[in-house]
**Q** 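One structure, as structure tokens, below. Some questions next.
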Amino acid sequence: MIEMQGRKALVTGAAQGLGLAIARLFIERGAQVMLADIDAPGAAKAADELGPMARSIRCNVTSADDMAKAVEATVAAFGGMDTLVNNAGIEIVKPLFEHSEDEYQRIMDINVKGVFLGMRAALAPLVAAGNGAIVNMSSLAGTNGVPLFGMYAASKAAVIQLSRVAAAELRPTGIRVNAVCPGFVGTAMVDRLIPTVEAIVGVPFSALVAVKQQRLGTPAEVAEMVAFLASDAASFTTGAHFDLDGGLSAGLL
Amino acid sequence: MTSSTLLLKDKVAIVTGAARGLGEAVARAFAAEGAKVVVSDIDAEAAGRVAVMLPGAIAVGCDVRDPAQVEALVAAAVKEYGRLDIMVPNAGVARVAPLTSTSYEQWREVTSVNLDGVFLCIRYAAPQLVAGGGGSIITMASVTAKASCALIGSYAAAKAGVVSLTKTAAIELRAHNVRVNAILPGFIGTELVNANKRAFEEQLGIPDFDAVIAQRQGRYGTVEEVANLAVFLASGRSSFSNGSAYVLDGGVSSSLL
């Protein structure tokens with residue numbers, strides 16, 4: 001398998017959870033990684049722990065200016081950039097018609113506009129790299145109706161379509177664009193939504209997960225999928241969205 | 001290969017249709033990652049020519065349409081290596097013809113190899129994977145399972161069936177730690193595609209099939225690129241993937257124009 005040796009990556013939302021697991025695995029496989037996060041101290045602390053292959057920068061993905069600076073910092077630190085992982089995202093868990101307009105705006109800004117701004121900002125260095133790779137974090141909610149995740153699901157569906165169109169438009173540049181759609185993964189995000197889901201559904205979350213996908217996925221497992229798609233091993237894969245969900249979406253019941 | 005550790009060290013794998021093309025590439029990639037490979041094909045002699053080049057590999061002739069032969073194939077793997085960890089039902093055929101001039105015999109030829117064969121491979125391999133504490137089955141479907149094109153109706157229908165079988169097998173076997181996933185390649189530079197190019201051009205009035213491929217998916221994929229994904233799905237790196245259908249097609253199925 002072709003590993004990540006020499007890859008120069010920017011990962012958003014990298015101070016914790018999935019983003020941190022992705023940064024850690026990329027570095028393990030030989031890449032240099034810029035950890036971008038709105039939580040600057042968190043990103044700095046994580047980069048410190050990951051060692052000399054890691055750097056960090058504060059980045060609000062809803063700001064075109066911040067995104068451009070994060071890309072510039074990556075290029076400056078590593079002498080180029082060939083990999084972008086748009087991972088930063090938020091969840092809002094409640095019945096669809098209890099979402100406020102502000103909540104709608106907030107989730108679309110971070111989860112959708114953030115991905116658009118990230119890809120746009122990274123375009124020039126990724127074209128220059130010749131084998132650029134973009135991996136956008138979507139979700140199983142992006143391909144399925146999930147009660148209580150209505151607005152989140154809409155935002156993640158948008159991520160898949162942005163990835164597909166970018167893949168087709170960027171194909172001549174050698175840049176590949178793919179999305180990853182995890183089921184329930186053991187992260188702080190999932191911990192936060194457990195009480196809400198249990199209160200509304202009336203079933204223990206662990207029982208729900210056990211029936212539908214046997215167990216929670218791990219951030220490291222998601223990171224493996226992202227690393228595969230970012231590497232040259234996936235050189236013919238573009239415009240795709242790769243599920244990983246322990247069988248959650250394969251069955252009806 | 002640049003990974004520091006072999007991803008499939010000492011795993012035992014069966015690959016059907018492995019005498020040439022995609023199956024051969026998968027067998028080679030598995031062997032390069034340390035697997036012991038049963039190179040299987042209806043053409044046993046050709047399978048033998050592949051197996052001799054791969055350390056620790058054996059060749060077993062098998063017509064995947066025949067339940068007794070598939071059962072014997074699995075038994076041969078277990079007899080040789082004592083276990084089975086990975087099954088790749090890859091054998092497939094295509095017949096290029098409009099549905100209305102496809103004979104029943106042609107339909108059965110395509111569906112019996114491409115769909116019955118996959119069922120039989122899962123049917124007979126799964127108990128051995130379960131007995132060994134788990135494993136990975138990787139079916140070779142096609143993007144034509146999602147959206148077809150004219151002249152390959154029987155092939156596409158069989159491949160859609162393969163995706164469905166993959167999902168059911170994944171759910172039924174997951175409690176036993178057996179993962180089942182499908183690969184959906186786009187147009188790959190294989191004999192199968194080459195042999196049918198002219199038929200597409202003539203029957204569809206396409207002046208240059210290669211030009212259509214260039215426009216729609218950039219280029220032909222390579223068998224090695226498909227094999228990379230098969231290695232990933234066979235390895236522990238994909239431990240949370242189950243029941244999924246993974247498209248690898250240069251983007252041809254994700255864009256309308």
Side-chain angles (χ1 to χ4, degrees), chain A residues 1-5 25 28-30 140 160-161 163-172 174 176-179 181-183 185 212-218 220-225 227-229 231-253, chain B residues 1-4 6-8 29 32-33 143 163-164 166-175 177 179-181 184-186 188 216-222 224-229 231-233 235-257:
Chain A
M1 294 292 280
I2 302 157
E3 306 287 329
M4 306 287 293
Q5 203 69 43
L25 186 67
E28 227 176 270
R29 299 268 161 83
L140 218 53
I160 292 173
Q161 295 305 350
S163 305
R164 287 172 157 171
V165 173
E169 292 187 358
L170 297 178
R171 190 161 46 210
R176 298 180 301 102
V177 188
N178 294 289
C181 303
V185 176
K212 298 290 283 180
Q213 66 169 40
Q214 295 218 299
R215 63 173 173 89
L216 291 176
T218 68
E221 288 175 312
V222 179
E224 287 285 3
M225 179 68 84
F228 177 77
L229 288 170
S231 80
D232 289 339
S235 48
F236 195 52
T237 303
T238 191
H241 57 280
F242 275 21
D243 297 338
L244 83 160
D245 65 1
L248 173 58
S249 65
L252 284 175
L253 305 176
Chain B
M1 196 195 67
T2 56
S3 61
S4 45
L6 296 176
L7 293 178
L8 304 176
E33 291 292 347
V143 281
V163 172
S164 173
T166 301
K167 293 184 182 197
T168 305
I171 295 162
E172 292 187 356
L173 295 169
R174 66 182 173 182
N177 199 28
R179 302 183 296 107
V180 192
N181 294 286
L184 281 63
I188 307 296
R216 292 288 293 130
Q217 66 169 38
R219 60 175 170 84
Y220 287 99
T222 69
E224 289 79 13
E225 288 173 313
V226 181
N228 284 341
L229 181 54
V231 168
F232 178 75
L233 292 173
S235 80
R237 287 185 173 181
S238 60
S239 48
F240 197 47
S241 291
N242 199 13
S244 286
Y246 294 115
V247 172
L248 136 124
D249 71 348
V252 65
S253 70
S254 59
S255 142
L256 280 177
L257 302 176

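Model, not experiment: these values are computed from the prediction. We name chains A, B, ... by the order of the sequence lines, and we start the count at 1 in each one.
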**Q** Using a 4.5 angstrom heavy-atom cutoff, name the option from A:Gln161, A:Arg215, A:Gln5 with the most pairs to chain B.
**A**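 Of the options given, most contacts go to A:Arg215.
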
**Q** What's the spacing between A:Phe228 CZ and B:Leu229 CG if we round to 0.5 Å?
**A** 4.5 Å

**Q** Pick one of side chain, backbone, both or neither for A:Leu248, based on which atoms fall under 4.5 Å of a heavy atom in chain B.
**A** backbone

**Q** Which residues satisfy the side chain to side chain contact (heavy atoms under 4.5 Å, CB included) test with A:Gln214, sequence neighbours excluded?
**A** B:Arg174, B:Ala175

**Q** Indicate the atoms forming the closest heavy-atom contact of A:Met225 with B:Ser241, along with that distance.
**A**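 What the structure gives for the nearest pair is CE-OG, 3.5 Å.
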
**Q** As a quick check of understanding, evaluate side-chain contact (heavy atoms from CB on, under 4.5 Å) for A:Gln213 and B:Phe240, giving each step before the final call.
**A** CA-CA 9 Å; A:Gln213 66 169 40; B:Phe240 197 47; 3.4 Å; yes

**Q** Does any backbone or side-chain atom of B:Gln217 lie under 4.5 Å from a heavy atom of chain A? Answer side chain, backbone, both or neither.
**A**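 Both parts, heavy atoms under 4.5 Å.
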
**Q** So what's closer than 4.5 Å to chain A heavy atoms on B:Ile188: side chain, backbone, both or neither?
**A**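 Side chain only.
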
**Q** Chain B heavy atoms under 4.5 Å from A:Leu25: which part of the residue, side chain, backbone, both or neither?
**A** neither

**Q** Would you mind checking which part of B:Ser255 comes under 4.5 Å of any heavy atom in chain A, side chain (CB onward), backbone (N, CA, C, O), both or neither?
**A**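 For B:Ser255, the contact with chain A is made by the side chain alone.
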
**Q** Between B:Ser244, B:Ala245, B:Ser235, who has the most heavy-atom pairs with chain A when the cutoff is under 4.5 Å?
**A** B:Ser244

**Q** Could you tabulate the donor-acceptor pairs under 3.5 Å formed by side-chain atoms of residues 234-244 of chain A, not counting sequence neighbours?
**A**
| from | atom 1 | to | atom 2 | distance (Å) |
| --- | --- | --- | --- | --- |
| A:Ser235 | OG | A:Asp232 | O | 3.2 |
| A:Ser235 | OG | B:Glu225 | OE2 | 2.5 |
| A:Thr238 | OG1 | A:Val177 | N | 3.0 |

**Q** Measure distances from B:Arg179 to the heavy atoms of chain A and classify the residue's part below 4.5 Å as side chain, backbone, both or neither.
**A** neither

**Q** Could you measure the distance from the CZ atom of A:Arg164 to the OG atom of B:Ser253? Nearest 0.5 Å is fine.
**A**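 That separation rounds to 7.5 Å.
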
**Q** Nearest heavy-atom pair of B:Phe232 and A:Glu224: which atoms, and what distance?
**A**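 Heavy atoms only, the tightest pair is CE1-O, 3.7 Å.
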
**Q** Could you look at A:Ala167 and say if it's the side chain, the backbone, both or neither that has a heavy atom under 4.5 Å from chain B?
**A**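 Neither part, no heavy atoms under 4.5 Å.
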
